[in-house]
Each structure stands twice: as C-alpha cells, then as structure tokens.
Amino acid sequence: MELYHLKTFVKVADEGNLSRAAELLFTSQPAISAHIKALEEELGINLFQRTPKGMRLTPSGELLYQKAAGILNSADELKSEAQSLRQELVGDLKIGVHTDFEFVRIAPLLQNFARKHPKVRVHFLAGMSATNIPDVRKGNIDGGFFFGPAKSADLTTIELATIPIRVVAPATWQDRVEHASPEALCALPWIYTSQNCPFYDLHSQIFSDYQCTPNQVAFVDSEDAIRELVKAESGLALLREEDAKQMEQQGLGYCWAGEVPSIALSFAVQKRRRSEPLINAIIEEICSLWGVENESTNEMMIDSA
DNA sequence: ATAATACGTAGGCCGGATTC
DNA sequence: GAATCCGGCCTACGTATTAT
C-alpha cells in the first residue's frame, strides 16, 4: 500500500467519479482505476460500489476513508516539519486563478517567487471564483484568487484590492444608455453571469432599490465571452472598470456613467494550512505584490452562518 | 457517461560486479 | 566496507478500446 493509493482513494471518494478524480490528480482514469483495484485487493474489501453514474463508498469504505484521510494529513505534517527544519522550500503549489492572469499579476508573482524559492513548482490553474473556493476547501488547490466575499469558516481570506466595476454597453447603444435611468437600463438586454458567480449579486445590488427585473438574455461566466457578447451587441454587462474603459477606447463599448458597487479581489487558503511554510511563502509574496499587510489575514476570516 | 481492460513504454529499483 | 556503475526486471503510466 502506497501513499498515492490512499490519495487516490480519498479523491475518488470526495468526487464520486474516477474521471474527475483522475483530472484533479493530473493522471489518467485507468491509472486511478488500477489504484483503487490494487487497494481493494490488498485490503480484501470492496471500498466502492460501482454504479453507472460513478463510484459510491461502501459502508466499509466510509470507515476506511477517515483512516486514509488521517494518514495523508500525517504525511503532509511530516513533510511540512521537514521543510521548516531545512528552511528551504520544496514542493508543488497549485493556485487557482479566476480571471485574466495579467490582472492578478501572475507573471511578476511567479518571477519574484521563483527567485526566492527556486525549488518550488507553482501551478497556476484557470478557474472561476465559484470553483476556486470549493477547490481550496477540498484541497484540490492550495490557494485561489476570487471576487467577492467567502462564506466559509474553514478558510483564511486576504483582501488584496477593491475593484471598480462599470456597466458597459455595445458602442452603438450610446444614445440608448448615455442618459438612461437605472429603470431604463433594466429594460435593456443584459448579459448575466451564472447565479454562483459573485458578479450575479452585483447585478442584484444595482437594481435592488428599483422595482424592476433586469431583462436577462444570456448567462456566461467567462470574461472573454462577456466582452464578445457586448461587442456583438447582445446586451449590457458588468465588467471591471479597466476592461470596460479599454473596450470604450477601442470603440467596442460604451461605459454607462452611473455608479456601480465595487467588488473585492481576494485570495483564499485553508485556515488549518495557513502556517504551512509553502502557503505562508506564497501569501507573503502576494501581499507584497499587492501592497497588503500580511498580518491582516486573520482579520479577514468570515464565519459561515 | 463512466469504469474496466489490453498493451506498449519509460523510468525506477534491485542486485551483482567493480573500484577505492 | 562503502560507493558507484550497469544491466535486467518491475511497475505505474498513457492511449486505445471495450463493457456496462
């Protein structure tokens, strides 16, 4: 029995799906299938019940899952302890990035971090605010950027900046939008994000004081897609001010003059892993890059209801 | 759609031989 | 006796495919 067998066991149990677990472990589905089979043969127990929809833990599997997770935690602690004794950081860090890499300063972050910690390999994984938070909680990634508040007691979040937001309309709609009241805007077609995206709440905030329901014509989560749809005159949308202004300068959009609530850009890690050397190092670098006090992290913890 | 199987491949491990 | 080299074997992987 190897540690990677246990890692696979725990991941498959978490995901309930071999293919998804394989993706998260950066390996193939047959490899994962073989791990589970080898473990089951060695233990002489069926850990999972195979179904057409995936893998479900058996009662014995449920019991052994807790043990396996405990062993993996102990192994992580051992590694962390050894790293602090060496005072040299080694290993892999997986960071979820929810928006464009330039905006969250990934290039300088990597440059500075690699100079200080040459033996750490950093994986930047494209995601979304709505996926980065659960992925951090599940341990699929070590840390993640996101917009908006995090409603999870097991996370430590660091607010890096307040990002101004603007309503941007297709450039040809200037006449319709320039002097439009919020009620008039509401009646125009809107490109929305999905409900689990923090931008969705921003839309609600804008119209909360007015008795109107926005005319939602499309729901997309990618900023690229939002820009494309605005360009294609499909509707209005919320964008970061920097993006909105750029579209306006390029003649591809028109920014509505009215005020829109801003949104927080934050970085999250698991609260229990906050003091791990690797986690601490990346937080230190991110804070330095954004000019934020590292100590402020504790104050940013948000308890769930 | 998802898991399991077949098969080829590459890298790592092990044991014997050799050197210091 | 310890360290190093080298060849053969093993194993974990990926791709392709099949089964459920």
Side-chain angles (χ1 to χ4, degrees), chain A residues 1-83 85-86 88-98 110 114 117-144 193-197 218-222 224-225 276 278:
Chain A
M1 187 193 307
E2 306 290 337
L3 275 180
Y4 64 79
H5 288 135
L6 301 183
K7 272 185 197 165
T8 298
F9 171 35
V10 167
K11 192 63 80 184
V12 171
D14 287 343
E15 299 300 325
N17 178 309
L18 284 187
S19 306
R20 174 77 183 138
E23 199 180 315
L24 293 169
L25 291 168
F26 302 102
T27 185
S28 67
Q29 173 265 317
I32 295 298
S33 174
H35 293 173
I36 299 299
K37 191 181 172 191
L39 195 56
E40 287 182 325
E41 279 176 4
E42 183 166 359
L43 298 173
I45 272 176
N46 282 336
L47 299 169
F48 292 97
Q49 190 182 343
R50 275 76 171 165
T51 76
K53 290 187 171 179
M55 309 280 278
R56 198 165 54 231
L57 279 172
T58 59
S60 310
E62 297 267 9
L63 284 172
L64 293 175
Y65 170 87
Q66 302 299 335
K67 292 272 182 198
I71 291 167
L72 291 175
N73 270 339
S74 300
D76 281 344
E77 282 168 20
L78 181 70
K79 264 162 71 178
S80 298
E81 190 76 19
Q83 278 171 19
L85 289 173
R86 276 207 304 276
E88 178 192 35
L89 298 183
V90 290
D92 290 75
L93 259 182
K94 282 179 265 179
I95 305 298
V97 182
H98 69 307
L110 179 61
H117 310 290
K119 291 190 178 172
V120 178
R121 293 184 302 183
V122 190
H123 308 250
F124 292 104
L125 309 170
M128 297 187 300
S129 296
T131 56
N132 282 349
I133 292 294
D135 279 344
V136 168
R137 298 182 65 205
K138 286 186 202 165
N140 296 338
I141 53 179
D142 300 299
T193 56
S194 61
Q195 281 195 26
N196 52 5
C197 174
F219 296 86
V220 292
D221 282 325
S222 127
D224 279 346
E276 285 182 19
L278 268 179

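What you see is a predicted model, and the numbers here were worked out from it, not measured in a lab. Proteins get letters first, then strands, A, B, ... in listed order; numbering begins at 1 in each.
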Would a 4.5 Å heavy-atom cut-off, applied to side chains only, mark [X] and [Y] as touching?
X: Asp92(A); Y: Leu278(A); value: no
X: Thr131(A); Y: His98(A); value: no
X: Glu15(A); Y: Lys138(A); value: yes
X: Met55(A); Y: Ile36(A); value: yes

Find the distance [X]:[atom1] to [N]:[atom2] and express it as a whole number of Å.
X: Leu25(A); N: dG14(C); atom1: CG; atom2: P; answer: 11 Å
X: Asn46(A); N: dA3(B); atom1: CG; atom2: C1'; answer: 14 Å
X: Lys7(A); N: dA12(C); atom1: NZ; atom2: P; answer: 14 Å
X: Ile36(A); N: dC13(C); atom1: CD1; atom2: P; answer: 12 Å
X: Arg20(A); N: dA3(B); atom1: CZ; atom2: P; answer: 13 Å
X: Glu15(A); N: dA3(B); atom1: CD; atom2: P; answer: 11 Å
X: Leu47(A); N: dA4(B); atom1: CG; atom2: P; answer: 12 Å
X: Leu18(A); N: dA4(B); atom1: CG; atom2: P; answer: 6 Å

Phosphate contact ([N] OP1 or OP2) by [X] side-chain N/O below 4.0 Å:
X: His5(A); N: dA12(C); value: no
X: Ser33(A); N: dA3(B); value: no
X: Lys37(A); N: dA3(B); value: no

Report task. Measure the spacing between CG of Asn46(A) and CD of Glu40(A) and express it to the nearest 0.5 Å. Result ->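 One gets 5.0 Å once the value is rounded to the nearest 0.5 Å.
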
Requested in this report: Output the distance between atom NZ (Lys94(A)) and atom NE2 (His123(A)), rounded to the nearest 0.5 Å.
Outcome: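 Rounded to the nearest 0.5 Å, the NZ-NE2 separation comes to 7.0 Å.
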
Query - Contact letters for nucleotides 6-11 of chain B, in which S counts primed atoms plus P, OP1 and OP2 and B counts the base, heavy atoms under 4.0 Å - result: ------

Closest to the [X] side chain: [options]?
X: Arg50(A); options: dA4(B), dT5(B), dC13(C); answer: dA4(B)
X: Asn17(A); options: dG14(C), dT2(B), dA4(B); answer: dT2(B)
X: Ser19(A); options: dA4(B), dA12(C), dT2(B); answer: dT2(B)

Report summary line: DNA chain C nearest-nucleotide lookup for Tyr4(A) and Gln29(A): closer to the 5′ end is Tyr4(A)

Query - Candidates Asp14(A), Val12(A), Leu6(A) - the one meeting side-chain contact (heavy atoms from CB on, under 4.5 Å) with Tyr65(A) - result: Asp14(A)

